[in-house]
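One structure below.
Just so it is clear, the values below take in all heavy atoms, side chains as well, and ignore hydrogens, waters and symmetry mates. Everything numeric here is computed off the predicted structure, so don't read it as measured data.
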Amino acid sequence: MTAMTAKQMADEQRAADKAHHEARVAWLTSDAPKWACGTPVNNDDRRSLLLQSRHYLETGEGFNHAPTVSRRLA
């Protein structure tokens, strides 16, 4: 088994993050999204999560992550 380079791991993580945020936008823009427990997502949470996911999809940067040189140059 070949070890992955740091760049390969970072690329895989970015791809997973992108897929997560795309799925979250789709879920939150559906009619009456619900949490896994069945509770409806309230409008404040919905707006906040959509803002975070759309920001990530536009910039590649999350609110809780420090931007890295490779992300800014990619």
Side-chain angles (χ1 to χ4, degrees):
M1 184 169 159
T2 305
M4 290 177 50
T5 67
K7 181 181 180 329
Q8 289 169 322
M9 290 189 300
D11 288 346
E12 281 195 8
Q13 185 61 57
R14 276 192 293 279
D17 289 347
K18 183 177 185 252
H20 164 77
H21 286 287
E22 288 171 338
R24 192 160 83 167
V25 168
W27 166 61
L28 290 168
T29 56
S30 67
D31 290 337
K34 295 181 180 167
W35 297 109
C37 65
T39 303
V41 178
N42 71 47
N43 286 334
D44 289 338
D45 288 341
R46 191 177 190 177
R47 276 191 295 274
S48 177
L49 292 171
L50 278 170
L51 177 67
Q52 291 171 17
S53 286
R54 287 175 174 154
H55 175 79
Y56 180 84
L57 292 170
E58 290 173 10
T59 67
E61 297 177 358
F63 291 125
N64 298 322
H65 301 284
T68 62
V69 172
S70 62
R71 282 193 178 173
R72 284 183 277 179
L73 296 177

Going by side chain to side chain donor-acceptor pair (under 3.5 Å), name the residues that satisfy it together with Thr5, two or more places apart in sequence or in a different chain. Gln8

List for me each residue that meets side chain to side chain donor-acceptor pair (under 3.5 Å) alongside Lys18, sequence neighbours excluded, and say none if there are none. Glu22

Atom CZ of Arg54 and atom CG of Leu28: how far apart are they, to the nearest 0.5 Å? 8.5 Å

Residue pairs, two or more places apart or on separate chains, that pass salt bridge (Lys or Arg N to Asp or Glu O under 4.0 Å) and touch residues 32-51: Asp44-Arg47

Considering non-hydrogen atoms only, spot the tightest contact between Ser30 and Pro33 and give its length. O-CD, 3.4 Å

His21 and Val25, any side-chain heavy atoms less than 4.5 Å apart: no

With Glu12, which residues qualify under side chain to side chain donor-acceptor pair (under 3.5 Å), at least two apart? none

Please list all pairs passing the ring pair (Phe, Tyr, Trp, His ring centres under 6.0 Å) test where one or both residues lie in residues 24-48, with sequence neighbours left out. Trp27-Trp35

Pair Arg14 + Asp11, salt bridge at N-O below 4.0 Å: yes

